[in-house]
Amino acid sequence: MKQELDVIILGGGAAGLMCAIEAGKRGRRVAVLERAGRIGKKILISGGGRCNFTNLYCRPEKFISENPHFVKSALAAYTPQDFIALVEKHGIPYHEKTLGQLFCDGSAVEIVGMLETECRQVGVRILTSVAVDKVDRRDRDDAHRFKVSAGPTEFVAPSLVVATGGLSIPKMGATALGYDLARQFGLKVVATRPALVPLVLDAGACENYCQLTGVSADVIVSAGRQSFREKMLFTHRGLSGPAILQISSYWQPPHPIAIDLAPGYDLTAALRDGSGRDLPALKAAFRIVLPQRLADRWLDLNPPQGWTNQALADLERHAHSWEIAPETTEGYAKAEVTAGGVDTAELSSQTMECRKVPGQYFIGEVVDVTGHLGGFNFQWAWASGYCAGQVV
Ligand code: FDA
C-alpha cells in the first residue's frame with residue numbers, strides 16, 4: 001500500500017508534533033509516524049508529570065553544542081512567549097516554579113492534548129505503533145523523493161523530517177534511528193553521551209558518602225569554567241539533584257568536579273575568632289549551614305589538620321572547593337537528555353534542512369543541541385520544529 005504525502009515526520013514527540021502543526025497550517029499533507037503506542041510519551045513524564053514546558057529566560061548560553069551560535073536563529077523565531085500564547089489559547093493553567101521554569105498547574109496530559117488538538121485542526125495524520133524498517137532517497141526532483149517503508153505500507157513524500165529524539169530512557173522506546181539515518185545519508189554525527197544525568201561514585205567514595213542518601217544541600221558545583229548553584233542530593237550510588245544534573249552535561253571524565261558546600265558562608269569564622277577549638281565546636285558551626293548528617297560525616301572524613309588559624313583557613317578553603325571524581329554516570333537509563341547528535345554544520349540554522357540532502361530535516365533532541373535543566377530542551381524542540389514547519 002502506498003501513501004502519498006507532502007511531509008513525512010518520523011517521531012511524534014515535542015519537536016515532531018510542533019513541526020506537523022506548522023506544516024499543516026500551511027496546507028501541507030502531513031503524516032507523523034510514531035513507533036510507540038501513543039504520542040508524546042516523554043512530555044507525559046516530564047517535569048514530574050507537570051511538564052516544565054519552557055523557560056522565561058531562554059538564551060543561547062543555556063544550550064550546549066559544538067557550534068554555540070547555531071540555536072540563535074530558531075530561538076529568536078519561536079520564543080517562550082509564543083509557546084505560552086499557545087498554552088493560554090488552550091486555557092491550560094500554569095505557574096512559574098523557580099528560575100523562570102513554567103509548569104502546568106494540572107498535568108502534562110494537557111500539553112499532549114493541546115498538541116493533538118492542534119494537529120487534528122489542520123488535518124495532520126498521526127499514526128502510532130509504526131515500525132519504520134527502511135528509508136530510501138531518490139533523485140532531487142522526484143516528487144516522491146523519500147520513501148519510508150513500514151511493514152506493508154510505503155509512505156512517499158518530497159520532505160522528510162527526522163524528529164526521533166535521543167537515546168535517553170530506552171525503556172520508553174528511544175531508538176538510534178535518527179543517528180543511523182544521518183550516517184546513512186553521509187552526515188556527521190557528534191559523539192553522543194548521557195546528559196542531565198546523576199553521577200556515580202567509585203566504591204571507596206560511595207562507602208564514605210552514600211550513607212548520606214536522601215540528604216540534600218544548596219551548593220555550587222563546578223566543572224571547568226561552568227558552575228551551577230542549586231540543590232545537590234546524595235543517592236545510594238552517588239550524587240544527583242539539579243546542581244549535579246546540570247554539571248553532568250559538562251563533566252569530562254576522569255576529571256573531578258568541585259563542590260562549594262556552603263556558598264557565601266564563612267564556616268570556621270567563630271572558631272578563628274576564639275571560641276572553643278575542637279571537633280564538637282567545629283561540627284556545631286558547620287551544622288548552622290549544612291544538614292547535620294552531612295556536616296558530621298564530611299568533618300569526620302575531612303578533619304582539620306590542626307587547630308591553628310592556618311589549619312582552619314585550609315579547612316575553610318577545602319569546604320568551598322571539595323573535589324570529588326565521579327566514576328561514571330547513571331547512563332542513558334537515567335539521563336534526561338542525550339548530548340551530541342547530528343552535527344549542526346550539516347544543517348541550516350534557519351530551517352533545519354540538511355545542506356547535503358535537500359528535503360531532509362533534523363529537529364529536536366536528535367540534533368547536537370542540549371539545553372540546561374529547566375524547560376530549555378522543550379523550548380529547543382518547539383523552536384526547531386516550528387522553523388522546519390515553515391518550509392517543509
Ligand atoms: P522525543 O523523545 O520527545 O520524541 C521522539 C519521538 O520519536 C518519541 O515519541 C519516540 O517514541 C519516537 N521514535 C523514536 N524512534 C523512532 C522510530 N524508530 N520510529 C518512529 N518513531 C520513533 N525537558 C524539558 O524541557 N522540561 C522538562 O520538564 C523535561 N523533563 C524530562 C523528564 C524526563 C524523565 C526525561 C527523560 C526528559 C525530560 N526532558 C524535559 C527532556 C525532553 O523530554 C526532551 O528534550 C524532548 O522530549 C525532546 O523532544 P523530541 O521531540 O526531540 O524527542
Side-chain angles (χ1 to χ4, degrees), residues 8-20 31-55 58 62-63 80 83 94 97 99-104 108 111-112 115 126-135 148-151 155 160-181 194-198 242 245 249 330-339 341-342 352 361-386 388:
I8 302 168
I9 299 178
L10 302 181
L17 294 171
M18 178 56 82
C19 180
V32 175
L33 309 186
E34 168 56 53
R35 182 173 172 270
R38 62 182 302 178
I39 55 166
K41 278 173 89 174
K42 269 203 189 147
I43 301 174
L44 293 174
I45 58 158
S46 68
R50 289 226 164 96
C51 185
N52 176 196
F53 54 79
T54 193
N55 193 296
C58 191
K62 301 289 183 181
F63 296 85
F83 195 76
Y94 65 91
K97 195 167 167 195
L99 304 169
Q101 302 168 6
L102 300 190
F103 285 75
C104 296
I111 298 293
V112 177
L115 297 168
I126 295 177
L127 301 160
T128 53
S129 303
V130 175
V132 173
D133 305 317
K134 205 152 85 90
V135 177
V148 176
S149 312
F155 301 88
L160 175 73
V161 181
V162 183
T164 45
L167 298 169
S168 319
I169 325 273
K171 231 179 27 202
M172 289 190 58
T175 73
L177 180 70
Y179 310 112
D180 294 344
L181 284 177
L196 298 181
V197 62
L245 298 184
S249 301
E330 290 280 8
Y332 290 117
K334 297 263 175 74
E336 268 199 21
V337 286
T338 301
V342 177
M352 309 295 138
Y361 301 76
F362 286 85
I363 56 174
E365 198 179 317
V366 72
V367 178
D368 172 35
V369 170
T370 306
H372 288 185
L373 191 74
F376 300 103
N377 284 297
F378 277 135
Q379 189 56 36
W380 168 248
W382 314 134
S384 56
Y386 173 88

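First listed ligand is number 1; within each ligand, the first listed atom is number 1.
- Of all atoms in ligand 1, listed by their number and element, those nearer than 4.0 Å to a heavy atom of Gly364 are 52 (O).
- Near Leu33, with a cut-off below 4.0 Å to any heavy atom, the atoms of ligand 1 are 20 (C), 21 (N).
- The protein non-hydrogen atom at the shortest distance from atom 44 (C) of ligand 1 is Glu365 OE1, 3.1 Å.
- In this structure, Ser249 contributes its side chain and Leu196 its backbone to a donor-acceptor pair below 3.5 Å.
- In this structure, the side chain of Thr54 does not engage the main chain of Pro80 through any donor-acceptor pair within 3.5 Å.
- Taking each heavy atom of Ser384 and Gly364 in turn, the nearest pair found is OG-N, 3.0 Å.
- Applying the ring pair (Phe, Tyr, Trp, His ring centres under 6.0 Å) test between Phe83 and each of Tyr386, Phe53, Tyr94 identifies Phe53 as the sole match.
- Ligand-side atoms of ligand 1 in range of Asn377: 23 (N), 25 (O), 45 (O), range being under 4.0 angstrom from any heavy atom.
- Geometrically, ligand 1 and Ala14 share a nitrogen or oxygen pair separated by less than 3.5 Å.
- Here Ile39 has no heavy atoms under 4.0 Å from ligand 1, in either its backbone or its side chain.
- Ranked by closest heavy atom to atom 53 (O) of ligand 1, the top entry among Ala381, Gly165, Gly375 is Gly165.
- With ligand atoms numbered from 1 in the order given, ligand 1 contributes 41 (C), 45 (O) to contacts under 4.0 Å with heavy atoms of Val337.
- Nearest non-hydrogen protein atom to atom 29 (C) of ligand 1 is Ser46 CB, 3.6 Å.
- The ligand atoms of ligand 1 that sit less than 4.0 angstrom from a heavy atom of Ile45 are 34 (C).
- At distances below 3.5 Å, at least one donor-acceptor pair connects side-chain atoms of Asn52 with backbone N or O atoms of Leu102.
- Heavy atoms of Ile169 come nearer than 4.0 angstrom to ligand 1 in at least one pair.
- Closest to atom 14 (C) of ligand 1 by heavy atom, among Leu44, Thr164, Val148, is Thr164.
- A pairwise comparison of heavy atoms in Ala150 and Phe155 identifies CB-CE1, 4.1 Å as the closest pair.
- Of all atoms in ligand 1, listed by their number and element, those nearer than 4.0 Å to a heavy atom of Phe376 are 25 (O).
- Distances from atom 26 (N) of ligand 1 to the heavy atoms of Val132, Asn52, Leu181, Thr338 put Asn52 nearest.
- With distances taken over non-hydrogen atoms, the option nearest atom 8 (C) of ligand 1 out of Gln379, Met172, Lys41, Glu34 is Glu34.
- Remark: Thr370 engages no residue in a side-chain hydrogen bond (donor to acceptor under 3.5 Å, both in side chains) (not counting sequence neighbours).
- In this comparison of Trp380, Trp382, Phe378, the heavy atom closest to atom 40 (C) of ligand 1 sits on Phe378.
- Taking each of Ala15, Gly11, Gly371, Ala163 in turn, the one with a heavy atom nearest to atom 5 (C) of ligand 1 proves to be Ala163.
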Which donor-acceptor pairs under 3.5 Å do the side chains of residues 31-41 make with protein atoms, sequence neighbours left out?
from  : atom 1 : to     : atom 2 : distance (Å)
Glu34 : OE1    : Gly12  : N      : 2.7
Glu34 : OE2    : Ala36  : N      : 2.7
Arg35 : NH1    : Gly173 : O      : 3.1

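- Proximity annotation for atom 16 (C) of ligand 1: of Thr175, Leu102, Val366, Leu167, Thr175 comes nearest, heavy atoms only.
- Interatomic distance, Lys42 NZ to Glu365 CD, rounded to the nearest 0.5 Å: 5.0 Å.
- Panel note: side chain Thr164, backbone Leu10; no donor-acceptor pair is recorded below 3.5 Å.
- The two residues Gly166 and Ala174 make their nearest non-hydrogen contact at O-CB, 3.4 Å.
- Trp382 and Phe378 have parallel rings, their planes meeting at less than 30° on a 0 to 90° scale where 60° marks the start of perpendicular.
- In terms of protein heavy atoms, atom 4 (O) of ligand 1 is closest to Gly13 CA, 3.3 Å.
- Within the set Met18, Glu336, Lys334, Arg35, the minimum heavy-atom distance to atom 39 (N) of ligand 1 is found for Glu336.
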